[in-house]
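Order of the sequence lines sets the chain letters (A, B, ...), proteins ahead of strands, with each chain counted from 1.
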2 protein chains.
Amino acid sequence: MILAAARSRFAEVGFDKASIRSIAAAAGVDSALVHHYFGTKHDLFVEVVALPGDPAMVVRTLGDAPLDRLGEVLIRTIVGLWDSPIGMGAVAAFRSAVAGGDESLLRTFLTDVVLKDVRVRVDEEIGDGAKRTALVASQMAGLLVVRKLLQIEPVASMSIDELVADVGPNLQRYLTGSGLDTPAPAPRAFDHRDARGGA
Amino acid sequence: MILAAARSRFAEVGFDKASIRSIAAAAGVDSALVHHYFGTKHDLFVEVVALPGDPAMVVRTLGDAPLDRLGEVLIRTIVGLWDSPIGMGAVAAFRSAVAGGDESLLRTFLTDVVLKDVRVRVDEEIGDGAKRTALVASQMAGLLVVRKLLQIEPVASMSIDELVADVGPNLQRYLTGSGLDTPAPAPRAFDHRDARGGA
DNA sequence: GTCTATACGTGGATAGAC
DNA sequence: GTCTATCCACGTATAGAC
């Protein structure tokens with residue numbers, strides 16, 4: 001399948017470096033055939049990143065989750081998507097956007113589609129919705145970079161359950177935690193209070 | 001100055017899309033002159049990202065900070081670097097690495113140079129150094145993406161002090177917090193046996 | 001020293017043979 | 001339907017004129 005090859009190439013090396021010729025070669029066909037089926041390269045890319053009705057599913061899953069568990073649900077839903085075959089399109093889109101082209105597209109997609117419902121709910125129940133969701137986006141974007149793009153261990157190979165346990169609480173603090181407005185939260189907030197600085 | 005123009009172009013659009021011609025145009029000179037001064041495009045890029053002895057300074061600053069305040073120091077040092085003129089080289093390097101080329105270079109630079117000292121100290125005093133520093137890297141990488149590349153508000157315009165107050169504690173939890181191995185810190189006691197299956 | 005001219009490669013896109 | 005041949009734009013890099 002040409003679409004599968006295109007998805008792989010786009011996700012692996014990004015939009016620009018994924019030549020039509022290389023995609024065709026990976027699919028075992030001729031480059032002209034790709035043009036014949038999908039038209040321009042941009043058309044092909046749109047076809048690849050257009051998940052079959054999945055954004056709505058993701059948004060709905062996020063919308064159903066209670067706010068005080070959203071950190072966990074976010075990790076499970078989004079990382080699960082990344083790891084799925086269809087999720088490679090999302091990885092490709094992210095990579096290409098960061099690479100230099102069409103950042104505004106990704107920005108509006110993130111803030112106005114995926115995280116909009118979350119932002120509104122946080123705004124109503126807690127406040128600072130825009131800031132909190134932006135911070136959530138930063139952690140999720142970084143997780144994508146480290147796990148899927150740079151593939152830094154051990155994060156690249158960690159199970160979703162372990163990821164939930166590790167980064168879930170941090171997301172939860174961004175979403176519903178206190179102390180995001182007030183000055184610095186004192187280090188004593190942690191049990192690890194030690195004047196000596198040793199272990 | 002040609003170097004300044006190159007730094008801007010590389011940081012703005014990445015290595016590939018920043019043509020020698022556009023750099024020369026931005027500097028108000030001819031493209032051949034760029035070649036004459038700096039040789040190949042790759043040579044020019046190396047020249048741009050080679051900060052004047054700054055990596056050592058950063059590493060040293062990180063090495064001097066006490067472990068239980070490292071979250072704050074990390075934000076201050078690294079974000080301060082990004083926002084400085086010379087930090088544009090770092091942004092350019094990151095963007096280009098994510099774009100598709102030379103990921104291994106950035107990976108080894110991050111894990112073996114910048115974060116190595118932190119990892120060793122965390123390993124000695126707390127444990128799980130590799131995992132904890134990788135998680136820290138994920139938050140910092142995401143912050144760079146959201147603040148400098150995608151420029152999502154309000155994170156893009158937040159002061160360093162506010163950033164310290166907001167994401168510092170999350171970094172600190174990654175570095176020295178408990179519960180990264182055990183099941184989950186749980187900000188509130190929720191039913192651990194879930195009521196509804198995870199997405 | 002600085003620009004003009006050009007060689008060379010890569011990659012997108014089209015027309016046409018079979 | 002699938003591939004061959006080709007056109008064309010762009011970008012790196014070099015050589016040489018002034």
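As rounded to whole Å, 11 Å separates atom C1' of dG1(D) from atom CD1 of I2(A). Look at CZ on F15(A): it is 12 Å from C1' on dG11(C), rounded to the nearest Å. As rounded to whole Å, 14 Å separates atom C1' of dA17(C) from atom NE2 of H36(A). One atom, NZ of K41(B), and another, C1' of dG9(C), lie 14 Å apart when rounded to the nearest Å. Straight-line distance from the CG atom of L33(A) to the P atom of dC3(D): 6 Å, rounded to whole Å. Following rounding to the nearest Å, F38(A) (CZ) and dG1(D) (C1') show an atom-to-atom distance of 14 Å. In this structure, K17(B) atom NZ and dC10(D) atom P are separated by 13 Å, rounded to whole Å.
In this structure, K41(A) contributes its side chain and H35(A) its backbone to no donor-acceptor pair below 3.5 Å. Between the side chain of R173(A) and the backbone N or O of D166(B) there is at least one donor-acceptor pair closer than 3.5 Å. In this structure, Q139(B) contributes its side chain and L171(B) its backbone to no donor-acceptor pair below 3.5 Å.
A heavy atom lying under 4.0 Å from DNA chain C marks the following residues of residues 20-30 of chain A, by number: I20(A), R21(A).
For the side-chain contact (heavy atoms from CB on, under 4.5 Å) test, residues two or more places apart in sequence or in another chain that qualify with R121(A) are L67(A), D117(A). Listed by chain and number, the residues in a ring pair (Phe, Tyr, Trp, His ring centres under 6.0 Å) with F45(B) are F10(B), F15(B) (sequence neighbours excluded). With sequence neighbours left out, S19(B) forms a side chain to side chain donor-acceptor pair (under 3.5 Å) with S22(B).
Each end of the helix from dG1(C)-dC18(D) to dC18(C)-dG1(D) gets its own axis, taken as the rotation carrying the C1' atoms of four end pairs onto the next four within a five-pair window, and the two axes meet at 10° to the nearest 10 degrees.
Comparing dT4(C), dC3(D), dG11(D) by their closest approach to the side chain of S19(B) singles out dG11(D). Here dA13(C) is the nucleotide among dA13(C), dT14(D), dA15(C) with the atom lying nearest to any side-chain atom of H35(A).
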Please report, to 0.1 Å, the donor-acceptor pairs under 3.5 Å made by any side chain of residues 73-86 of chain B, with sequence neighbours excluded.
residue	atom	partner	partner atom	Å
R76(B)	NE	E72(B)	OE2	3.4
R76(B)	NH1	D161(B)	OD1	2.7
R76(B)	NH2	D161(B)	OD1	3.1
T77(B)	OG1	V73(B)	O	2.7
D83(B)	OD1	K148(B)	NZ	3.0
D83(B)	OD2	R147(B)	NH2	3.0
S84(B)	OG	L81(B)	O	2.7
S84(B)	OG	G87(B)	N	3.2

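Looking at heavy atoms from C-beta onward, M140(A) lies out of side-chain contact with V167(A) at the 4.5 angstrom threshold.
A salt bridge does not link E12(A) with K17(A): every distance from a Lys NZ or Arg NE/NH1/NH2 to an Asp or Glu carboxylate oxygen is 4.0 Å or more.
The side chain of Y37(B) places an N or O atom within less than 4.0 Å of a non-bridging phosphate oxygen (OP1 or OP2) of dT2(C).
Across all strands, T40(A) comes closer than 4.0 Å only to sugar-phosphate atoms, never to a base (heavy-atom distances).
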